[in-house]
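As structure tokens, the structure follows; a few thoughts come after it.
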Amino acid sequence: MVDYITRDGVALLQVNNPPVNALSHNVRAEIKNGLDEAGQDKQIKAIVISGKRSFIAGADITEFKSGSYSEWPTIIDLCDLIESSGKPVVAAIKGFALGGGHEIAISCHYRIAHEKSKFGFPEVDIGILPAAGGTQRFPRLVGLEAALDLIPSGRHIGAAQAFKLGIVDKVVRGDAVEEAVKFAKSIAGEPLVDRRTSQRPVMGAENAVSLRDAAVKLAMKKKKGMIAPIHCIKAVMGSLLPFEQGMEIEASEGFMLFTSGQMGALQYAFFAQRAAPKWSLPCGASFKTVKGRPIRNAAVIGAGTMGTGIAMAMLNAGIPVTLVEQDRKFLDKGVSLLKLLYAGSVSLRKITQDQCDAILSKLNTAVGYKSLTNVDLVIEAVYENMALKKQIFAELDRICPPETFLWTNTSALDIDEIASATRRPDKVLGTHFFVPAYHMKLLENVRGKLTSAETVASAQMFGTRIGKIPVVVGNCHGFVGNRMLHKYAHESDFLIEEGCWPEDVDMVAENFGLPLGPFKVRDLS
Ligand SMILES: CC(C)(COP(=O)(O)OP(=O)(O)OC[C@H]1O[C@@H](n2cnc3c(N)ncnc32)[C@H](O)[C@@H]1OP(=O)(O)O)[C@@H](O)C(=O)NCCC(=O)NCCSC(=O)C[C@@H](O)CCCCCCCCCCCCC(=O)O
């Protein structure tokens, strides 16, 4: 799990724990053994810590449930051992240095990073805080302002910004490990006293109150309903005290999170989101046995809110789309809406005008279905009317090539009945997007009785490609998402009957953490 390699007076500890080099208990124990061995070996003058393929993506998240994250040696122990080492320790970073991996890196005396490496503290998004001294060492390295930006937001940054902030001492284009070994040799024997991050003062302390208030305001806006950001901020503020006292504050703030329901829920979601795209069917089919077909181009039937949103989701992923309506007036309205949304993205600087133009160059429009003779996929997104949908599917079946997938964005109707209007029920499936379709992550891929495994595989691949979390669900009224939403909608309606205003219900739901309240969602549908 950790290879110990010696090179001309340098000990290289290379973490090798696929897929992401998480700091599981065995890894921690082997890092500790490596540090001990290098410390005792008189031939060794310096130590390099690196990872095979990538650096270290943090603690092993499964251990927060099992409890072994707190078994000796913890990441806290490792960080202290590294920082107090009498021999210089250099982190050689390629790929990701996240969470506990980032904490290990900033406990090293020097950091050499590949230009494509990424740094961040994503703990906040799994309901915890950087609890191995990250909230104390990081402000000492980058200053209070940057720490109050990066720790509560969980944002990743690249090597260039990491260098600017002082996280990284050198950015390299070549092999970071080779460079780090060379560098380690060159600084062996030099004093380390000003290289120990925990011993540094915190820059920006004079503006502490205004920086804290701004961070709290931003966290409440950006991470609504989440408790971790506020605990992160409190722990970072503890860095204004001497290091040991700050560590106590980090531990007590961390304790509240490690025992919270939010931590359990967010970590469940972390693994569930990664498990969902890995589908399997009762017949045993899965990605292991069935390959999906990539979608090279697509058409969307219906230029309303859902149709334009779905078209945008595909355009954003670089898939050429033909937006189809039966009436030029509706088509023009849909295209105007789409252009307006992209113009909004440009003015918010989410994309540049050039990117916007490149995206829109992949949008075609058509009145009627006649031109759809060369598309890999058609997604129907007209209003919920079975007779209309069956008529559209029958016509598409006549016009589109036999291999074209015909998918429907119905949110509740029977997929088998829609498929029965075609001679290719194996290629019919429900792709249920949620409003706004260009933004919401969930995609329900609804499998009918006759939907083939290849169609399911293709829809799952497609979902991942357009940045969604695709989940295979069965064909029943409302599928899974809307069955859950119905209960939520009923309760919201009862509140109105009991005298609340819709905007009040929305406000409470949004303060709880939902991006839009139930009535705003209905306004959009
Ligand atoms: C790294 C990524 C960006 C890679 O993304 P990519 O898309 O390439 O891959 P996937 O996301 O699909 O992941 C592949 C695969 O790996 C699994 N996985 C990923 N990360 C982890 C992980 N950290 N742990 C476990 N498993 C992981 C993932 O599930 C996939 O598995 P599959 O089976 O589906 O293939 C991306 O993966 C990513 O962003 N990962 C998460 C990064 C992250 O969140 N890192 C932070 C982790 S939390 C942390 O580091 C905490 C630390 O700050 C400190 C904790 C210190 C605790 C010590 C406290 C001691 C207290 C002692 C007190 C005792 C006293 C007492 O008991 O009283």
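Below, each value reflects all heavy atoms present in this structure, side chains not excepted, and no hydrogens, waters or symmetry copies. Both ligands and their constituent atoms are indexed starting at 1 by order of listing.
- In this structure, CZ on F64 lies 7.0 Å from CE on M263, to the nearest 0.5 angstrom.
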Less than 3.5 Å apart, N/O on ligand 1 and N/O on the protein: could you list those pairs with the distances?
{"residue": "ligand 1", "atom": "11 (O)", "partner": "R274", "partner atom": "NE", "Å": "2.7"}
{"residue": "ligand 1", "atom": "11 (O)", "partner": "R274", "partner atom": "NH2", "Å": "3.3"}
{"residue": "ligand 1", "atom": "23 (N)", "partner": "A59", "partner atom": "O", "Å": "2.8"}
{"residue": "ligand 1", "atom": "24 (N)", "partner": "I61", "partner atom": "N", "Å": "2.9"}
{"residue": "ligand 1", "atom": "34 (O)", "partner": "K278", "partner atom": "NZ", "Å": "2.4"}
{"residue": "ligand 1", "atom": "35 (O)", "partner": "K278", "partner atom": "NZ", "Å": "3.4"}
{"residue": "ligand 1", "atom": "45 (N)", "partner": "A57", "partner atom": "O", "Å": "2.8"}
{"residue": "ligand 1", "atom": "50 (O)", "partner": "A59", "partner atom": "N", "Å": "2.8"}
{"residue": "ligand 1", "atom": "50 (O)", "partner": "G100", "partner atom": "N", "Å": "2.8"}
{"residue": "ligand 1", "atom": "53 (O)", "partner": "E103", "partner atom": "OE1", "Å": "2.7"}
{"residue": "ligand 1", "atom": "53 (O)", "partner": "E123", "partner atom": "OE2", "Å": "2.6"}
{"residue": "ligand 1", "atom": "53 (O)", "partner": "A131", "partner atom": "N", "Å": "3.3"}

Mind listing the side-chain donor-acceptor pairs of residues 226-251 below 3.5 Å, one per line with the distance, residues two or more places apart or on another chain?
{"residue": "H231", "atom": "ND1", "partner": "E253", "partner atom": "OE1", "Å": "2.7"}
{"residue": "S239", "atom": "OG", "partner": "V236", "partner atom": "O", "Å": "2.6"}
{"residue": "E250", "atom": "OE1", "partner": "G133", "partner atom": "N", "Å": "3.3"}
{"residue": "E250", "atom": "OE1", "partner": "G134", "partner atom": "N", "Å": "3.4"}
{"residue": "E250", "atom": "OE1", "partner": "T135", "partner atom": "N", "Å": "3.1"}
{"residue": "E250", "atom": "OE1", "partner": "T135", "partner atom": "OG1", "Å": "2.5"}
{"residue": "E250", "atom": "OE2", "partner": "G133", "partner atom": "N", "Å": "2.7"}

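- Under the 6.0 Å cut-off for aromatic ring centres, F138 and H102 qualify, their centroids lying closer than that.
- A salt bridge does not link K94 to E115: none of the charged side-chain nitrogens sits closer than 4.0 Å to a carboxylate oxygen.
- Remark: side-chain polar atoms of H109 are paired, donor with acceptor, to backbone N or O of E83 under 3.5 angstrom.
- Classification of R293 and E454 as a salt-bridged pair holds, one side-chain N sitting under 4.0 Å from a carboxylate O.
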